[in-house]
K.L.:
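For reference, the structure I am asking about is given below.
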There are 2 protein chains.
Amino acid sequence: MNISEVARLTGLTSKTIRYYETLGLIDPDRAANGYRTYGSEDVEALQFLQRARATGFGLDESRQLLGLYREPQRHSAHVRELVQHKLEQVNEQINHLQAMAQTLQGMVKACRGDDAPDCAIIDRLADSERK
Amino acid sequence: MNISEVARLTGLTSKTIRYYETLGLIDPDRAANGYRTYGSEDVEALQFLQRARATGFGLDESRQLLGLYREPQRHSAHVRELVQHKLEQVNEQINHLQAMAQTLQGMVKACRGDDAPDCAIIDRLADSERK
DNA sequence: TTAAACCTTCCAGCAGGTGGAAGGTCAAGC
DNA sequence: GCTTGACCTTCCACCTGCTGGAAGGTTTAA
């Protein structure tokens with residue numbers, strides 16, 4: 001199977017598939033003409049990676065999950081721990097963004113938004129001594 | 001004023017201050033020995049940028065806000081629009097992350113997390129035909 | 001034979017800096 | 001006068017996760 005067929009099957013681009021290869025995530029064979037040839041194991045790994053990335057895992061986390069997928073001796077506790085950790089990170093990010101949204105909301109409320117230059121938003125960003 | 005003093009005053013690192021200069025956000029003078037010399041305008045601009053970044057604006061947005069800060073003829077409607085737009089983006093991000101958190105939570109719940117290799121998380125990532 | 005649609009490698013760039021190397025300068029203490 | 005340490009300078013590379021494009025080779029079909 002050539003790369004564009006694999007791209008179609010996995011939802012990844014050919015570029016991304018080659019990139020994952022440079023990272024050592026897959027290792028397809030080569031045909032006589034130099035073209036990469038993919039087997040079902042490669043396709044499965046790439047599908048796994050695509051889903052892990054889509055779920056929100058980083059590439060390094062996805063690599064770890066792929067390692068666990070490929071390891072029949074894995075302990076599910078290990079997998080769960082990884083996901084739990086990710087969940088905590090995501091919750092932290094949500095809290096961070098919610099605080100940001102509140103700040104922005106306060107700014108929008110405080111600014112009259114007309115043709116005049118006076119602007120509470122600019123004032124807040126300019127002056128730390130603001131009440 | 002030398003760069004490390006400015007770093008202290010603004011909460012930015014010297015590296016970042018130099019980086020902002022390469023972006024054209026500030027343009028400090030040079031002393032005879034080649035050292036950068038900062039005036040109060042530079043410090044104010046950098047403080048403005050630091051606050052804009054801390055509030056969550058990207059560098060490009062911060063640059064726009066700085067432009068508006070420096071422009072006495074600005075219309076506050078313009079500023080407000082920019083912030084409103086950012087707020088919408090942040091809310092989108094929050095929704096995205098909340099969906100992610102739900103997926104992850106579902107995974108954590110579904111995985112027994114013991115010494116056995118069987119793991120619902122791995123299964124979900126491996127198999128799209130999962131119910 | 002030629003055109004389109006593949007495939008290959010390599011180089012550069014996005015955000016927003018950060019780290020480090022290699023070197024010049026300045027102030028204080030001996 | 002010399003050394004030490006804390007400054008300062010420039011430049012280049014790296015981080016994430018790709019993406020775009022250039023320049024070229026291959027295959028397929030008309």
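To find a chain, count down the sequence lines: A is the first, B the second, and so on, and within it residues start at 1. Atom set for the values below is all heavy atoms of this structure, side chains included, hydrogens, waters and symmetry mates excluded.
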K.L.:
Pick out the pairs of N or O atoms, protein on one side and nucleotides 28-30 of chain D on the other, that lie under 3.5 Å.
P.N.:
none

K.L.:
Of all of residues 82-104 of chain A, which get a heavy atom below 4.0 angstrom from DNA chain C, listed by number?
P.N.:
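None, since no heavy atom is under 4.0 Å.
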K.L.:
Looking only at atom types and distance, does a side-chain atom of A:N33 sit under 3.5 Å from a main-chain N or O of A:Y35, one as donor and one as acceptor?
P.N.:
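Present.
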K.L.:
Let me check the geometry of the helix from C:dT1-D:dA30 to C:dC30-D:dG1. What is the bend angle between the axes at its two ends, five pairs each, to 10°?
P.N.:
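One end axis against the other gives 30°.
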K.L.:
Go through the structure and list residues passing side chain to side chain donor-acceptor pair (under 3.5 Å) with A:E61, not counting sequence neighbours.
P.N.:
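Side chain to side chain donor-acceptor pair (under 3.5 Å) list for A:E61, sorted by chain: A:K86.
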K.L.:
Please list every donor-acceptor pair under 3.5 Å in which a side-chain atom of residues 19-29 of chain A meets a protein atom from a residue at least two apart or in another chain.
P.N.:
residue	atom	partner	partner atom	Å
A:E21	OE1	A:R36	NE	2.6
A:T22	OG1	A:Y19	O	2.6

K.L.:
How would you list, by chain and number, every residue that makes a side chain to side chain contact (heavy atoms under 4.5 Å, CB included) with B:A54, sequence neighbours excluded?
P.N.:
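B:Q50.
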K.L.:
What residues, two or more places apart in sequence or in another chain, satisfy side chain to side chain contact (heavy atoms under 4.5 Å, CB included) together with A:N95?
P.N.:
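Per chain and number, A:N95 pairs via side chain to side chain contact (heavy atoms under 4.5 Å, CB included) with A:Q98.
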K.L.:
Name the residue from A:E92, A:H85, A:Q93 that meets the side chain to side chain donor-acceptor pair (under 3.5 Å) definition with A:Q89.
P.N.:
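So the option named by the test is A:H85.
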K.L.:
D:dG17 phosphate, OP1 or OP2: any side-chain N/O from A:T16 under 4.0 angstrom?
P.N.:
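No, no such contact exists.
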K.L.:
Restricting to side chain to side chain contact (heavy atoms under 4.5 Å, CB included), what partner residues turn up for B:N91, sequence neighbours left out?
P.N.:
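A:A101, B:L87, B:I94.
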K.L.:
Please determine if a side-chain N or O atom of A:T13 lies less than 4.0 Å away from the OP1 or OP2 oxygen of D:dC18.
P.N.:
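So the side-chain polar atoms of A:T13 never come under 4.0 Å of the phosphate oxygens OP1 or OP2 of D:dC18.
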K.L.:
Determine whether B:V90 and A:L104 make a side-chain contact, defined as any pair of heavy atoms from C-beta on separated by less than 4.5 Å.
P.N.:
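B:V90 vs A:L104: side chains touch.
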K.L.:
Do the non-hydrogen side-chain atoms of A:V83 and A:F57 ever get within less than 4.5 Å of each other?
P.N.:
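In contact.
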K.L.:
For residues B:L9 and B:M1, determine if any side-chain heavy atom of one lies less than 4.5 Å from a side-chain heavy atom of the other.
P.N.:
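Of all side-chain heavy-atom pairs linking B:M1 with B:L9, at least one is under 4.5 Å.
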K.L.:
Quick one: which protein N/O atoms are closer than 3.5 Å to N/O atoms of nucleotides 21-23 of chain C? Pair and distance per line, please.
P.N.:
none

K.L.:
Near DNA chain D, which residues from residues 20-50 of chain A have a heavy atom under 4.0 Å away?
P.N.:
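Output list: A:Y20, A:N33, A:Y35.
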K.L.:
Keeping to residues at least two apart or across chains, list the salt bridge (Lys or Arg N to Asp or Glu O under 4.0 Å) pairs with something in residues 1-15 of chain B.
P.N.:
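Salt bridge (Lys or Arg N to Asp or Glu O under 4.0 Å) check on residues 1-15 of chain B returns B:E5-B:R8.
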K.L.:
When you compare the side chain of A:L12 with that of A:R53, does any pair of heavy atoms fall below 4.5 Å?
P.N.:
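No; the side chains remain at least 4.5 Å from each other.
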K.L.:
Would you give me the side-chain donor-acceptor pairs under 3.5 Å for residues 74-81 of chain B, sequence neighbours excluded?
P.N.:
residue	atom	partner	partner atom	Å
B:R74	NE	A:P117	O	2.7
B:R74	NH1	B:L68	O	2.9
B:R74	NH1	B:Y69	O	3.3
B:R74	NH2	A:P117	O	3.4
B:S76	OG	A:G113	N	3.2
B:S76	OG	A:D114	N	2.9
B:S76	OG	A:D114	O	3.4
B:S76	OG	A:D114	OD1	3.2
B:R80	NH1	A:V108	O	3.0
B:R80	NH1	A:C111	O	3.2

K.L.:
Would you tell me if any nitrogen or oxygen in the side chain of A:S4 comes within less than 4.0 Å of OP1 or OP2 on C:dA5?
P.N.:
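So the side chain of A:S4 is outside the cut-off, no N or O lying under 4.0 Å from OP1 or OP2 of C:dA5.
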K.L.:
Within the distance-only criterion (no hydrogens, no angle test), does the side chain of A:T37 pair as donor or acceptor with the backbone N or O of A:A31 below 3.5 angstrom?
P.N.:
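Pair found, side chain donor or acceptor close to backbone of A:A31.
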K.L.:
Examine C:dT18: is either OP1 or OP2 under 4.0 Å from a nitrogen or oxygen in the side chain of B:R18? Give yes or no.
P.N.:
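Looking at the OP1 and OP2 atoms of C:dT18, neither is under 4.0 Å from any side-chain N or O of B:R18.
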